[in-house]
Participant: 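Take this structure, written in structure tokens, and hold onto it; I'll ask about it next.
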2 protein chains.
Amino acid sequence: MTAKLKGETREPPDITRTAVTAAAEPIQVNFNSLPAEENPPERISIRDVAKQAGVSIATVSMVVNQNPRISRGTHVRVQRVIDSMGYRPNRLAQSLSSRYTQVLAVILPPLRHAFADAYFGEILSGISDRAGKLGHKLLIEQAKPQYIKEGKHIELYERRFVDGVLCLGFNEKHGFLSDLRQYPMILVDNRFGEGVLDYVHCDYRMGAKQAMNCLLQLGHRNIGMIYAAPESPTARDVLEVYTTELRNAGIEVKESWMADGCFTDEGGAAAADLLTHRDKDLTALLCGNDKMALGAIRYLVEHGHKVPQDISVVGFDDIQHLAYANPSLTTVHLPLYELGVAACERLVSRIRGKVDRVAEVLPTHLVLRESTSIVRTR
Amino acid sequence: MTAKLKGETREPPDITRTAVTAAAEPIQVNFNSLPAEENPPERISIRDVAKQAGVSIATVSMVVNQNPRISRGTHVRVQRVIDSMGYRPNRLAQSLSSRYTQVLAVILPPLRHAFADAYFGEILSGISDRAGKLGHKLLIEQAKPQYIKEGKHIELYERRFVDGVLCLGFNEKHGFLSDLRQYPMILVDNRFGEGVLDYVHCDYRMGAKQAMNCLLQLGHRNIGMIYAAPESPTARDVLEVYTTELRNAGIEVKESWMADGCFTDEGGAAAADLLTHRDKDLTALLCGNDKMALGAIRYLVEHGHKVPQDISVVGFDDIQHLAYANPSLTTVHLPLYELGVAACERLVSRIRGKVDRVAEVLPTHLVLRESTSIVRTR
DNA sequence: CTGAAAGCGCTTACAG
DNA sequence: CTGAAAGCGCTTACAG
């Protein structure tokens, strides 16, 4: 595997001119240190350090890895040589010899805008921050059909790209998840089967209870629900609590009060359209996420319903910039950043064998803003 | 580097119970194939394949790498053994021996919501899709101050994590970029110095011209500008075209017509506040990105200005869901997905030595929606 | 066209 | 407490 890579045999690589050429140009920017070392820095290996320090490579290795078996004296001495030579261990060699790659993968669903998604983004922030602190790198992948078909998700482990994987935005419908059950993997913000896979998710039941409580206390009784992905256990949690709470309040639950909004803005708008036409007495809408809530509000406002005076709307997620919406959205705050942190933390524990089962649920809370009010009197 | 990792020496890893335990639980999901191989699949190496196929490991290696020196016969025979044994080459060993890691890194700026950003997200989608097609993995990093201080960006290459890096959202103020100029690196959607670093960016001059053209044709003469990051060359392009086009139209450019909106929603609102108070005759606002445009519109509408009747607003980026804003936003479409594709493509060429300089500019176009109209008559 | 051997740069028992 | 040696799983000249 020289310059020749699969299906790219034609053009002989022109190695004659490389970065060196570009770097020879005049530069008027602040250099950070290094006396402008132009040539591709010749790599220094553990052997070079060993020779320079007058010890064996085994000793250098143990110093790098803070092995306590090395005496304080040699440690200091070798470390000084390491620093002065600017030695950085080759992690390919480290990982090939040792058990770990120190790399994790995040797998995203094959949605067109998965990378620009506020929900995934917030979780990713948490994962990235914690991974950095734990000395791990993050590989990011999108599980398109072709990707799964080719078994790329399995290759992640088998070809030693990563030690573990975090799966975002998947549910029981995604069978490929069970291919990974024998490896360190954590399903983020959902469950799978009954504890078949490790998971960390937000407490959607608690969130739904908080939302319903709020609406019922405001006097609402005709409450519609815009749900999505009923095959998802956490989404089902919300749906169940919704019906249970209505029943507990002595309200007859109607099938016609519920519509699927597909987790999208447009879906939310369409669902609001459907619901308000099916039952003109609806005074509130509980939505499975903020995007659908925003879409619903947009539809309602554009069609002459006042929010919240005519219809109250509650969302789920508490994604950024919601406070700027008009009206600002009352919603269930999901601790997504913390979820990412927890998932990453647990995955690393799992990899290190410190834990053999991960099943964690994070509490939510309601954020009361302008899209809800006391029920309208007629 | 066993189970002992830096600063984590305390707890002896409990290796006794691992994935096997969990997998032994009852499972009621669709298995994909494999006769439920519960034990951690013992890895099969190139040696196993060689023995089974009755050839040398060199031959197996060459078959895997499609080396044409292998005869058709042995190729087919060995390939069959590879398939039947389910052999997957260990990429750590491959990379250690060969010149490439087949991994690229994307470095994002240290913004709180960098991962949930529509602008970055769209570029990332393009990068991810193309990287996948080119057989490369993607590492994702955020360049926090600490990260740079510790030289992690240099480690990316020196410790052989990646072959190349794509930098998103940076400009000349970010000195660390010059640390990377001796390695394959592409600055995405900006320039640095005068061609010091490889880059691919959108044609902001063209975009600015299209936007100004539109506003001038609609009869606007008192046009304000909400810019951001004047230290960024591409942002400066817009500012320059803005003033040039005004002058060409015989309009005196006023310093008071310009305000910094920091690329944020809130910044855009604040800038709109400032500008409309400094000059009540402003009939149009050109904004450096969509977020600021949306913030400006929000401010204007909330303070009694009708958009577009009183003030027209034009944005930059054309991020998703803009068509749903009210009024929907007229904006300069930046080919961000294509930008990501191009950047990734060029970087890989650069790594393979097929090209020694990357400097590419992608065309834009204006998307006319509802936030602009003919100038108000007074 | 194929194989034996050296080497990539580390870690890890095993001696001492 | 430290070193010599084997080994991780590949690729790549070098022979033949």
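Note on naming: letters A, B, ... go to the chains in the order of the sequence lines (proteins, then strands), and numbering restarts at 1 for each one. Just the heavy atoms: all of them, side chains too, but no hydrogens, waters or symmetry mates, feed the values below.
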Participant: Quick check: B:Phe170 with B:Phe192 (ring centres under 6.0 Å apart)?
Facilitator: no
Participant: Evaluate B:Cys167 against B:Leu177 for side chain to side chain contact (heavy atoms under 4.5 Å, CB included), listing each step before the verdict.
Facilitator: CA-CA 8 Å; B:Cys167 293; B:Leu177 291 173; 3.7 Å; yes
Participant: Let me know which of A:His153, A:Lys152, A:Glu141 forms a side chain to side chain donor-acceptor pair (under 3.5 Å) with A:Tyr147.
Facilitator: A:Glu141
Participant: Quickly work out the B:Arg43 CZ to D:dG9 P distance and round it to whole Å.
Facilitator: 9 Å
Participant: What is the distance from atom CE of B:Met62 to atom OG of B:Ser56, rounded to the nearest 0.5 Å?
Facilitator: 8.5 Å
Participant: Could you tell me whether the phosphate oxygens of C:dT2, OP1 or OP2, come under 4.0 Å of any side-chain nitrogen or oxygen in B:Thr74?
Facilitator: yes
Participant: Write down the distance between NZ (B:Lys51) and C1' (C:dT2), rounded to a whole number of angstrom.
Facilitator: 19 Å
Participant: Quick one about B:Ser125 and B:Ser128 (side-chain donor to acceptor, distance below 3.5 Å, no hydrogens or angles considered), yes or no?
Facilitator: no
Participant: Test for a donor-acceptor pair under 3.5 Å between the base of D:dC10 and the side chain of B:Ser97, counting only N and O atoms.
Facilitator: yes
Participant: What base-paired stems does DNA chain D take part in, with at least 3 consecutive Watson-Crick or G-U wobble pairs and both distances under 3.5 Å?
Facilitator: C:1-3 with D:14-16, C:5-12 with D:5-12, C:14-16 with D:1-3
Participant: In whole angstrom, what separates A:Arg99's CZ from D:dG7's C1'?
Facilitator: 17 Å
Participant: Without hydrogens or angle criteria, can the side chains of A:Tyr87 and B:Glu158 be said to hold a donor-acceptor pair below 3.5 Å?
Facilitator: no
Participant: Between C:dC10 atom C1' and B:Leu92 atom CG, what is the distance in whole Å?
Facilitator: 11 Å
Participant: Whole angstrom is fine here: how far is it from CD in B:Glu158 over to C1' in C:dG9?
Facilitator: 15 Å
Participant: Between C:dC10 atom C1' and A:Gln66 atom CD, what is the distance in whole Å?
Facilitator: 17 Å
Participant: At 4.0 Å (heavy atoms only), tell me whether B:Ser95 reaches a base, stays on the sugar-phosphate, or touches nothing.
Facilitator: nothing
Participant: Given side chains that start at C-beta, do those of A:His136 and A:Val103 come closer than 4.5 Å, heavy atoms only?
Facilitator: no
Participant: Within the structure provided, determine whether B:Lys144 and A:Asp129 are in side-chain contact (heavy-atom separation under 4.5 Å).
Facilitator: yes
Participant: State yes or no: are the ring centers of B:Phe115 and A:Phe115 separated by less than 6.0 Å?
Facilitator: no
Participant: On DNA chain C, check which nucleotide each of B:Leu96 and A:Val60 is closest to and give me the residue with the more 5' one.
Facilitator: B:Leu96
Participant: State which of C:dT11, C:dG9, D:dT11 makes the closest approach to the side chain of A:Asn65.
Facilitator: C:dT11
Participant: Report each atom pair, protein N/O against N/O of nucleotides 3-5 of chain C, whose distance is under 3.5 angstrom.
Facilitator:
| residue | atom | partner | partner atom | Å |
| --- | --- | --- | --- | --- |
| C:dG3 | OP2 | B:Ser56 | N | 3.1 |
| C:dG3 | OP2 | B:Ser56 | OG | 3.2 |
| C:dG3 | OP2 | B:Thr59 | OG1 | 2.5 |

Participant: Nearest to the side chain of A:Asn90 - D:dC10, C:dC10, D:dT11?
Facilitator: C:dC10
Participant: In whole angstrom, give the distance that lies between atom CZ of B:Arg159 and atom C1' of C:dC10.
Facilitator: 11 Å
Participant: To the nearest Å, how far apart are A:Arg91 CZ and C:dG9 P?
Facilitator: 15 Å
Participant: Give the table of side-chain donor-acceptor pairs shorter than 3.5 Å for residues 75-82 of chain A, with sequence neighbours excluded, one pair per line with atom names and distance.
Facilitator:
| residue | atom | partner | partner atom | Å |
| --- | --- | --- | --- | --- |
| A:Arg77 | NH1 | A:Ala53 | O | 3.0 |
| A:Gln79 | NE2 | A:Asp83 | OD1 | 3.1 |

Participant: Counting just side-chain N and O atoms, does A:Gln94 come under 4.0 Å of either OP1 or OP2 of C:dT11?
Facilitator: yes
Participant: Looking at A:Tyr100, does any N or O in its side chain come under 4.0 Å of the phosphate oxygens OP1/OP2 on C:dC10?
Facilitator: no
